[in-house]
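The structure appears below as structure tokens.
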Amino acid sequence: MTNLLVIILARNEALHIERTLASVKDIATQTLVVDSGATDGTVAIAKAAGAKVVHHKWHNYATQFNWALDHVAGFDGWILRLDADEAVTPELAAEIGALGSLPADVDGVYVGRRMNFMRKPVRHGGLFPARMIRLFRNGAGRCENRWMDEHIVVQSRTVDFSGCIIDDNQNTLDWWVAKHNAYASREVVDILNQRYDFMPSQSVARLRGGRQDQVKRWVKENLYARLPGGLRAGFYFFYRYVIRLGFLDGAEGRRFHVLQGFWYRYLVDAKLAEVQAYMARTGAGPVDAIRDVLGLSVTDGPAQSERQAA
């Protein structure tokens, strides 16, 4: 079997981590859980399931995952990136089990990602399965330097697997709202950085010849970003819910499309307007405004002194 290291970023994921680890137990050579300060049973459950746990202070998803890649730089094999509330389907596990048959010039694999909301699958709205690189040869891929919606980038050839990863978070709606409130702040950081260029960043955006993730990013950065703030959230929701038949997802799907397709996108625009108004009123630059309004420090890098095996 081809060497496979599964990397999972986690904090307070006792509800999900056992399920996630169980989904890869037959295909993973090693599993690494990167804990950023769990106070529930996440660490104990992960260790009991045979995972190695390391601790590292949180900065954002991209820096946390790239820190993990640096931590396993000597591993000879493939890396699978999983979130702690995701699980690999049996179909994808079977394809991963045959990684050794891939040509030597293939460095990355696109897989599908589907989502359940309130324990029901979201099938419409033009969202899923989202195609993205989650599987790559160690040393051949790295996470984009972004604060939100970060993707793995590889420079060489990629192929597609038909199997999927399922995102099935079973926390409460209050938890979901709080998480997306934080997501909105991080997305504002990327939008402002695109406008003011105050820190290094990367983007997979590509229109001509691009893959699904690259085309979506290009549309978001070059078309959606040019629409009037606030109004564009309504346009996007109408596209998803009416044109792309999101209304067929039933009651749970309706809640998802309204909250994620309208409320969240409107929240991003409202936070962006708040930061820009603060800048105009005080004369503050974007970095100071982000700190004062959103409570995020974009200049403090991830702490390198907290590498510690558990």
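If you read the sequence from its start, that first residue is 1, and numbering goes on from there.
- In summary, Asp168 and Arg19 engage in a salt bridge, as defined by a charged side-chain N under 4.0 Å from a carboxylate O.
- A single hydrophobic cluster is seen to contain both Phe198 and Val275, as judged by linkage of ILVMFWY side chains at heavy-atom distances under 4.5 Å, directly or through other members.
- Put simply, the side chain of Thr20 reaches to within 4.5 Å of the side chain of Ile8, judged on heavy atoms.
- Under the 3.5 Å distance criterion, with hydrogens and angles disregarded, no donor-acceptor pair is assigned to the side chains of Thr63 and Asn66.
- Salt bridge annotation for Arg142-Asp70: present, with a cationic side-chain nitrogen under 4.0 angstrom from a carboxylate oxygen.
- Ile79 and Phe65 get closest at one heavy-atom pair: CG2-CZ, 4.3 Å.
- By the 4.5 Å heavy-atom criterion applied to side chains, Leu32 and Val53 are not counted as neighbours.
- Across all non-hydrogen atoms, the minimal contact from Cys164 to Thr89 is O-OG1, 2.8 Å.
- The backbone N or O of Gly125 lies less than 3.5 Å from no partner atom in the side chain of Arg240, so there is not a single donor-acceptor pair.
- Ring centroid separation for the pair Trp147 and His59 comes in under the 6.0 Å cut-off.
- Within the 3.5 Å criterion, the main-chain N or O of Val109 finds no donor-acceptor partner in the side chain of Thr158.
- When atom types are taken as modelled, the side chain of Thr2 and the backbone of Gly100 share a donor-acceptor pair closer than 3.5 angstrom.
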Between Tyr196 and Val287, does a side-chain contact (heavy atoms from CB on, under 4.5 Å) hold up when you go through it step by step?
CA-CA 10 Å; Tyr196 296 100; Val287 172; over 6 Å; no

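- Nearest heavy atom pair, residue Tyr266 against residue Gly230, reads CD1-O, 3.6 Å.
- Rounded to the nearest 0.5 angstrom, Tyr278 OH and Ile290 CD1 are separated by 12.0 Å.
- Residues Leu82 and Val88 are in side-chain contact: their nearest non-hydrogen atoms beyond the backbone lie under 4.5 Å apart.
- In this structure, the side chains of Val111 and Leu92 come closer than 4.5 Å at one or more pairs of heavy atoms.
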Set out, in order, the CA-CA distance, both residues' side-chain angles and the distance that settles side-chain contact (heavy atoms from CB on, under 4.5 Å) for His257 and Phe237, then state yes or no.
CA-CA 7 Å; His257 291 299; Phe237 172 73; 4.2 Å; yes

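- Gln30 places no side-chain N or O within 3.5 Å of a backbone atom of Val6 that could act as its donor or acceptor partner.
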Are Asp35 and Leu9 close enough, and set up right, to give a side-chain contact (heavy atoms from CB on, under 4.5 Å), and what steps lead you there?
CA-CA 6 Å; Asp35 166 56; Leu9 308 185; over 6 Å; no

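- Side-chain atoms of Glu144 come within 3.5 Å of backbone N or O of Val204 as a donor-acceptor pair.
- With rounding to the nearest 0.5 angstrom, the CH2 atom of Trp176 is 10.5 Å from the CG atom of Asn169.
- The hydrophobic clustering, which links ILVMFWY residues whose side-chain heavy atoms are closer than 4.5 Å, places Leu69 and Ile133 together.
- When all heavy atoms of Ile27 and Ala93 are compared, the closest pair comes out as CG2-O, 3.5 Å.
- Looking only at distances, a side-chain donor or acceptor of His16 sits under 3.5 Å from a matching main-chain atom of Gln170.
- More than 12 heavy atoms of other residues, nucleotides or ligands sit less than 6.0 Å from atom CG of Asp105.
- A heavy-atom distance below 4.5 Å is not found between the side chains of Ile7 and Phe75.
- Side-chain heavy atoms closer than 4.5 Å link hydrophobic residues (I, L, V, M, F, W, Y) into clusters, and following such links, possibly through other members, connects Phe117 to Leu267.
- In this structure, Tyr183 and Tyr61 have perpendicular ring planes: the angle between them is above 60°, well past the 30° mark.
- When hydrophobic clusters are built by joining Ile, Leu, Val, Met, Phe, Trp and Tyr residues whose side-chain heavy atoms come closer than 4.5 Å, directly or via intermediates, Met115 is grouped together with Trp263.
- Of all non-hydrogen atoms in Asn145 and Gln202, the two that sit nearest each other are N-OE1, 2.8 Å.
- Nearest heavy atoms, Val154 versus Asp107: CG1-O, 4.1 Å.
- Between Leu272 and Gln276 the shortest side-chain heavy-atom distance falls below 4.5 Å.
- For the residue pair Asp174/Thr172, the side-chain donor-acceptor check at 3.5 Å is not satisfied.
- Counted by atom type alone, Tyr110 and Arg211 present zero donor-acceptor pairs between their side chains at under 3.5 Å.
- Salt bridge Glu252/Arg119: absent, no basic N to carboxylate O contact under 4.0 Å.
- Between the side chain of Asp83 and the backbone N or O of Asp85 there is no donor-acceptor pair closer than 3.5 Å.
- In this structure, Ile17 CD1 and Lys47 NZ are separated by 13.5 Å, a value rounded to the nearest 0.5 Å.
- Remark: the Asn171 side chain and the Lys179 side chain contain no N/O donor-acceptor pair separated by less than 3.5 Å.
- Taking CZ of Arg11 as the start and NE2 of His55 as the end, the distance is 13.0 Å to the nearest 0.5 Å.
- Side-chain atoms of Lys57 and Trp67, non-hydrogen and from C-beta on, never get closer than 4.5 Å to each other.
- Side-chain contact, Tyr264 with Glu187: a donor N or O sits under 3.5 Å from an acceptor N or O.
- There is no side-chain donor-acceptor pair under 3.5 Å between Glu91 and Ser162.
- Under the 3.5 Å distance criterion, the side-chain polar atoms of Asn138 are matched with a main-chain donor or acceptor of Val72.
- The side-chain hydrogen bond (donor to acceptor under 3.5 Å, both in side chains) search around Arg146 returns Glu221, not counting sequence neighbours.
- Distance alone, capped at 3.5 Å, places no donor-acceptor pair between the Asp249 side chain and the Arg254 backbone.
- Met132 and Trp78 fall into different hydrophobic clusters, where Ile, Leu, Val, Met, Phe, Trp and Tyr side chains are chained together by heavy-atom contacts under 4.5 Å.
- In this structure, the side chains of Pro103 and Arg157 come closer than 4.5 Å at one or more pairs of heavy atoms.
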Evaluate the side-chain contact (heavy atoms from CB on, under 4.5 Å) criterion for residues Ile45 and Leu21: first the C-alpha distance (whole Å), next the side-chain angles of each, then the deciding distance (0.1 Å), finally the verdict.
CA-CA 10 Å; Ile45 294 170; Leu21 293 170; 5.6 Å; no

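- Look at Arg131 and Asp160 and you find a salt bridge, because one of the NZ, NE, NH1 or NH2 atoms lies within 4.0 Å of a carboxylate O, short of that distance.
- With salt bridges taken as basic N to acidic carboxylate O contacts below 4.0 Å, none links Asp167 and Arg114.
- In this structure, Arg81 does not pair ionically with Glu86, as no charged nitrogen and carboxylate oxygen lie closer than 4.0 Å.
- Note that the CD1 atom of Ile96 and the CG atom of Asp26 stand 11.5 Å from one another [nearest 0.5 Å].
- Checked for salt-bridge contact, Asp288 and Arg291 meet the test: a charged N lies under 4.0 Å from a carboxylate O.
- Note: Leu227 CG to Tyr224 OH = 7.5 Å, rounded to the nearest 0.5 Å.
- Arg265 and Gln260 form no side-chain donor-acceptor contact under 3.5 Å, judged by distance and modelled atom types alone.
- Side-chain contact check for Lys271 and Ser185: at least one donor-acceptor pair (N or O, by modelled atom type) lies under 3.5 Å.
- Screening Leu248, Ile243, Val242 for a side-chain contact (heavy atoms from CB on, under 4.5 Å) involving Leu245 leaves a single residue, Leu248.
- Counting only distance, with no hydrogens or angles, the side chain of Ser36 and the backbone of Trp58 share no donor-acceptor pair below 3.5 Å.
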